[in-house]
Asker: 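Here it is, the structure in full.
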Amino acid sequence: MPTARLLMCRPEHFAVSYTINPWMDPQSWARDTRAHAAAAAEWADLHRKLIEHGAAIELVPTAAGLPDLVFTANAAVVLDRQVLLARFRHPERQREEPHFEAAFHALQARGLIDAVRKLPEGVVLEGAGDCVFDATRKLFWLGYGQRSDASARRAVAGMFGQEVVALALADPRFYHMDTALSPLPGGEVMYLPYAFTTAGREEIRDRVAPEQRIAIGIEDACRLAANTVCLGNTLVMSDCSARLRAELEERGYRVVTTPLPAFLRSGGSAFCLTLRLDRQSAPMPATVDEAAVA
């Protein structure tokens, strides 16, 4: 059994060709003749390391003119084999919507997911980028104010039957929830406190015990260290400080870094480049053999 089934998209057409967040500088990208080759090599390294640590990878077909299609985390919210398709804030990314919809219907035809649904008309939610599932607390952390709407919480709660905690995002550099908060498999929440409003920080403190809060500083935040792919107790990320690595390792995690500077130029990192397809709201029941062994 794979540790996770992830959706990715090769960066064949990836580029920084417009500006929709503070990380993006199309002029700098255009001047860098090695930028695209660097992105391709970095993506390949991430893809390889995910497979080495047990992930199974499904691929979205590439498409010319859709440079951010590579950020598959934004495609949808997926839980219990149910898919809630994203709706994007900016016109530049709205063109991705029919392409992702077709990809999910293809996955459904292969039996990898059960249902594909759309958000109510006019509601914006940029997929798992702004709607991160916390398996320990059985809830979604939903970010709003930069890209997604607070009103999306009702659609998410209604479709998945899970509690949804909506937090306003306060810093345009951390424009999606997944750039600022990551629930870890052991129950900890790794997050950048000042990416959230005072009310948001209080909400996190109310729901996460002090010993389970891992507050990161701006140095690690700007490396997008919170944008982490969790494969069991292995955490795959672009980079982190020695201090954060030591804290995570003390808690029993294996930290695997795979530099992704080309994608940071677009405001994305490891989690952004993947979408978990097999996440369950409850642990899978043991098989007969597993139960017998237990």
Asker: In the structure I gave you, are the side-chain heavy atoms of T72 and F100 within less than 4.5 Å of one another anywhere?
Answerer: yes

Asker: State plainly whether the residues K49 and E52 are in salt-bridge range, i.e. N to O under 4.0 Å.
Answerer: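 Not counted as a salt bridge, because no side-chain N and carboxylate O are separated by less than 4.0 Å.
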
Asker: Between T179 and Y175, which heavy-atom pair has the shortest distance, and what is it?
Answerer: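 In terms of heavy atoms, the two residues are closest at OG1-N, 3.8 Å.
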
Asker: Indicate the atoms forming the closest heavy-atom contact of F174 with A195, along with that distance.
Answerer: CB-CB, 4.1 Å

Asker: Is there a donor-acceptor contact under 3.5 Å from the side chain of Y253 to the main chain of G186?
Answerer: yes

Asker: For E163, is there an ion pair with R137 - N to carboxylate O distance below 4.0 angstrom?
Answerer: no

Asker: Hey, does R48 have a side-chain heavy atom less than 4.5 Å from the side chain of D45?
Answerer: yes

Asker: Taking all non-hydrogen atoms of both residues into account, name the closest pair between P183 and L181 and its distance.
Answerer: CD-CD2, 3.8 Å

Asker: Do NZ/NE/NH1/NH2 and the carboxylate oxygens of R89 and E126 come within less than 4.0 Å?
Answerer: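 No salt bridge links R89 with E126.
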
Asker: Between the side chains of R81 and D114, is the shortest nitrogen-to-carboxylate-oxygen separation below 4.0 Å, so that they form an ion pair?
Answerer: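 Salt bridge flag = yes for R81 with D114.
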
Asker: Does a side-chain heavy-atom distance below 4.5 Å link L142 with L167?
Answerer: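 SC-SC contact between L142 and L167 ruled out.
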
Asker: Closer than 3.5 angstrom, by distance alone: can the side chain of S148 be matched with the main-chain N or O of G145 as a donor-acceptor pair?
Answerer: no

Asker: Give the minimum heavy-atom separation between F104 and V78, together with the two atoms involved.
Answerer: CE2-CG2, 4.4 Å

Asker: Got a sec: does the CZ of R213 have more than 12 other heavy atoms crowding it under 6.0 Å?
Answerer: yes

Asker: Do M237 and R245 come within less than 4.5 Å of each other through their side chains, counting heavy atoms only?
Answerer: no

Asker: What verdict does the salt bridge (Lys or Arg N to Asp or Glu O under 4.0 Å) test give for R279 and D80, after you've listed the backbone C-alpha separation in whole Å, the side-chain angles of each residue and the deciding distance to 0.1 Å?
Answerer: CA-CA 6 Å; R279 192 178 300 283; D80 296 332; over 6 Å; no

Asker: Distance-only, no hydrogens or angles: does the S17 side chain make a donor-acceptor pair with backbone N or O of P67 under 3.5 Å?
Answerer: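 It does not hold such a pair.
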
Asker: Find out whether V165 and R207 are in side-chain contact, i.e. whether some heavy atom of one side chain is under 4.5 Å from a heavy atom of the other.
Answerer: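 Yes, side chains in contact.
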
Asker: For F160, check ring-ring contact (aromatic ring centres under 6.0 Å, His included) against everything at least two apart and list the hits.
Answerer: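 Only F140 meet the ring-ring contact (aromatic ring centres under 6.0 Å, His included) criterion with F160.
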
Asker: Please identify each residue that fulfils ring-ring contact (aromatic ring centres under 6.0 Å, His included) with H47, with sequence neighbours left out.
Answerer: W43

Asker: Do C230 and L184 have side chains that get closer than 4.5 Å, going by heavy atoms?
Answerer: yes

Asker: Keeping the roles fixed (side chain from H176, backbone from Q146), state whether a donor-acceptor pair exists under 3.5 Å.
Answerer: no

Asker: Is K118 salt-bridged to E101, going by a charged N under 4.0 Å from an acidic O?
Answerer: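 Here K118 pairs with E101 in a salt bridge, since their nearest N and O are under 4.0 Å apart.
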
Asker: Salt bridge check: are D171 and R173 linked by an N-O gap of less than 4.0 Å?
Answerer: yes

Asker: Kindly give the heavy-atom pair with the smallest separation between T19 and P26, and that separation in Å.
Answerer: OG1-CD, 3.1 Å

Asker: For E188, is there an ion pair with R251 - N to carboxylate O distance below 4.0 angstrom?
Answerer: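 Here R251 pairs with E188 in a salt bridge, since their nearest N and O are under 4.0 Å apart.
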
Asker: Side chains of Y18 and D68: closer than 4.5 Å at any heavy-atom pair?
Answerer: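 Of all side-chain heavy-atom pairs linking D68 with Y18, at least one is under 4.5 Å.
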
Asker: Do S28 side-chain atoms and D25 backbone N/O form a donor-acceptor pair below 3.5 Å?
Answerer: no

Asker: Quick one: ring-ring contact (aromatic ring centres under 6.0 Å, His included) partners of F14, sequence neighbours excluded?
Answerer: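 By the ring-ring contact (aromatic ring centres under 6.0 Å, His included) rule, F14 matches W29, F71, F263.
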
Asker: Do I214 and V189 have side chains that get closer than 4.5 Å, going by heavy atoms?
Answerer: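 A side-chain contact under 4.5 Å is absent here.
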
Asker: Would you check if the side chain of S238 reaches a backbone N or O of L260 as a donor-acceptor pair within less than 3.5 Å?
Answerer: yes

Asker: Are any side-chain N or O atoms of D149 and backbone N or O atoms of V124, one a donor and one an acceptor, separated by less than 3.5 Å?
Answerer: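 Between the backbone of V124 and the side chain of D149 there is a qualifying donor-acceptor contact (under 3.5 Å).
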
Asker: Please check if the side chain of N227 supplies one atom and the backbone of C272 the other of a donor-acceptor pair under 3.5 Å.
Answerer: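 Side chain of N227 to backbone of C272, a donor-acceptor pair under 3.5 Å: yes, one is there.
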
Asker: Could you tell me which non-hydrogen atom of N74 sits nearest to which non-hydrogen atom of F88, and how far apart they are?
Answerer: O-CZ, 3.4 Å

Asker: Has R5 got a side-chain atom pairing as donor or acceptor with L277's backbone, closer than 3.5 angstrom?
Answerer: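 It does not hold such a pair.
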
Asker: Would you say the side-chain atoms of T257 pair up with the backbone N or O of D239, donor to acceptor, closer than 3.5 Å?
Answerer: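 Pair absent, no side-chain N/O of T257 close to backbone of D239.
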
Asker: Please walk me through it: do H105 and Q108 pass side-chain hydrogen bond (donor to acceptor under 3.5 Å, both in side chains)?
Answerer: CA-CA 5 Å; H105 281 300; Q108 185 180 20; 3.3 Å; yes

